[in-house]
Protein chains: 2
Amino acid sequence: MQKSKIRNMQEFSALTGLSRPTVSKYFHDPESVRQSTRARIESALAEHDFRPNIYAINQNRSLTKNVGIVVPYLADPFFAELARQIEQCCLERGYRPTLFSAHGDPKLETDILDNLRSLKPAGVLLAPLGRASDRKAIEAFCADVPTVLFDSGIEDVGLAFIGSDSPQFADLMVDYLCRTGELPCFFEMKTPSNPNANRRRAGYIAAMERLGHVPRIVSVPGTGWAFEDIGWREGIAAIDARAFETGTVLCSNDRLAIGFIRACFEKGLKVGRESSHDIRVAGMDDHPLARFTCPPLTTVAQDYDAIARQSVDVLFRAVSGETVSHEVRQFEGRLVLRDSA
Amino acid sequence: MQKSKIRNMQEFSALTGLSRPTVSKYFHDPESVRQSTRARIESALAEHDFRPNIYAINQNRSLTKNVGIVVPYLADPFFAELARQIEQCCLERGYRPTLFSAHGDPKLETDILDNLRSLKPAGVLLAPLGRASDRKAIEAFCADVPTVLFDSGIEDVGLAFIGSDSPQFADLMVDYLCRTGELPCFFEMKTPSNPNANRRRAGYIAAMERLGHVPRIVSVPGTGWAFEDIGWREGIAAIDARAFETGTVLCSNDRLAIGFIRACFEKGLKVGRESSHDIRVAGMDDHPLARFTCPPLTTVAQDYDAIARQSVDVLFRAVSGETVSHEVRQFEGRLVLRDSA
DNA sequence: TCAAAAACTTTGCGCGCGCAAAGTTTCCAT
DNA sequence: ATGGAAACTTTGCGCGCGCAAAGTTTTTGA
């Protein structure tokens, strides 16, 4: 396999003695050419190591193997992990995923969608920013490109919405917390960046009322995606202000909880479920690091695997011609009992 | 701005009454066409909302605005954050970054590089997997495409290496720990995935010897990128085996430390620098979540911003014609004193 | 005012490849 | 052997756009 200056398929095909389209056919499916032809190509390949230009391929293909994956904030380990699993699913099925992060910026999200059109993707998996998203832009995009929304849905937009059953998450945890100790207060950002926060609050309220309790919500200021920081700073402020009427705090998500646990630590509040502890703290998501707080965080686990697998599944079913009516699939959460609550 | 079926620049230029190349010129630089021409294009644009296909552009451009960013494992918040900053730097300079993660897989890393050639990037910023990388593939790639290595270098490969001064990291922390308490043991993975681990161990050994102490290294088994998990499980095992000869543990990186702190918590060891505590724990990196352990983690901060900025800077200097001799820039770490040590 | 210079626009070709239709070879049953 | 289908290969054109050279218009200077 020597260094070579093969610039394109034409040049490569020349030194096999075959025509370019035949070689092209081989690259599309090695089995589709005669055995003798295949051997000639592969021996040439062994010496010259040519690879077709993937973007030129996709420019002309009627159906490409490209898949776009868009998440709102990739530096959030939750999305990083989910994106990773989705990428793997796509690769396993022989597709070419490309990952994009909106970095929390609606403008960037729209730009990404615009660029994605140029990629001519077979389909797109999109976790929208949520409230901040340019809804019209997303609708327009979904009308043009087969798109599955995941994590956060927009009513009747896209082929499907695959995510978690946010109210059920809250319900599950509220039920557990009420059964086992003091009633939970709900700790959240007043203007949350992540899109499921409102549904979680609603779920909390509904669950509390169902059990005959008065919801107690502590909404704190803060914008952006530095949730741990907000959980910490505003957690301290809330503790100082005696904002929590009970000794149990349900955080809107694990990252907030991670920050809040540090706040408790600093204020000398011992977190845990034993009666010797001062406060119980729970989160939601089963963030990759939720197992590593001290004490480890009790939370409701998102089914990463099911969301990834199902999203990819629905997308490829639709792409391969199956007519799919707008499907909504919200996986239930699983209570993960650790020591924090 | 009505929905339109403009498929390409030709169609678009037709309804402005101009030729396609003129419109192309406009998209390349709106100032480069006559004011009256520009007005015509922009009014047409207002009605039909056309955007050139970015991949078709890059197929033909002699110098594209594409930049490839490759990291070894994107679900690691350290790389996610570094990649995010690099992306921002590229965007600010009018380039189009595309992010790739090797997901810890050398084969995937090579595939990514091969695909990157098709993108015809102006340049690539690559944080290699390290020892696991296919060194030849990387060398060959760097010979063809202007590439800056960051985080982890390969001798004399690429335009430059921009990273951190790993030995200095260890030196800084060892010095601090020795000054303020018991001598530090070094806690690391025997076969680490992340590439700087060996240099950190070497730095630890050198620093200890410089200060006249005997290095004490605890190397634990474990593969892959679930460092917290390894730090936790193997941390417990090491504590049980009384592997640490002193009450101070310097972890090879923050993620390991996060796991190890949980191990301490479970074993009832109070982590902290006061004499009332049982053990001091320190890390390296200033991982995004290092501030949120309990107690917050004392560590050596990588200069994310400098690494991102400098990498992008060197790359674009080289891309814009400046001849750059292989530059190595290793930023010093900054001691971040928190409460864990 | 008018020719030369500058600024701008258009023509024609190429990038690397997919695709359909046309041409060729191979295979098999008769 | 032979005709015809099946399998395979080639021809010709198109994708959406950049680029250089050629053509056109506008600006400049004496």
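We use all heavy atoms of the structure for the numbers below, so side chains are in, but hydrogens, waters and symmetry mates are not.
Taking the charged nitrogens against the carboxylate oxygens, A/Arg93 and A/Asp313 do have a contact shorter than 4.0 Å, which makes a salt bridge.
At whole-Å resolution of the value, CD in A/Gln35 and P in C/dT26 are 15 Å apart. At whole-Å resolution of the value, CG in B/Leu18 and C1' in C/dC8 are 11 Å apart. One interatomic measurement links the two molecules: OH of A/Tyr26 to P of D/dT9, which rounds to 13 Å at whole-angstrom precision. Here the C1' atom of nucleotide C/dC27 and the CZ atom of A/Arg34 are 10 Å apart, to the nearest Å. Regarding B/Glu31, its CD atom lies at a distance of 15 Å from the C1' atom of C/dC8, rounded to whole Å.
Between B/Asn53 and A/Lys120 the shortest side-chain heavy-atom distance falls below 4.5 Å. When side chains are defined from C-beta on, B/Val312 counts as touching B/Leu125, because their heavy atoms get closer than 4.5 Å.
Every residue was checked against the salt bridge (Lys or Arg N to Asp or Glu O under 4.0 Å) condition with A/Asp151, not counting sequence neighbours, and none meets it.
Between A/Trp225 and A/Phe79, the ring-plane angle classifies as perpendicular under the 30° and 60° cut-offs.
For B/Glu81 and B/Gln85, the side-chain atoms include at least one donor-acceptor pair closer than 3.5 Å. With 3.5 Å as the limit, one finds a donor-acceptor pair spanning the side chains of A/His103 and B/Glu87.
Separation of the A/Phe78 and A/Tyr73 ring centroids does not fall under the 6.0 Å cut-off.
A close approach under 4.0 Å does occur between a side-chain nitrogen or oxygen of B/Thr37 and OP1 or OP2 of C/dT9.
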Which parts of nucleotides 11-21 of chain C does protein reach within less than 4.0 Å, heavy atoms only, written one letter per nucleotide 5' to 3' as B for base, S for sugar-phosphate only and - for none?
-> BB-BBBBBB--
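Between its two ends, the helix from C/dT1-D/dA30 to C/dT30-D/dA1 turns its axis by 20°, counting five pairs per end and rounding to 10 degrees.
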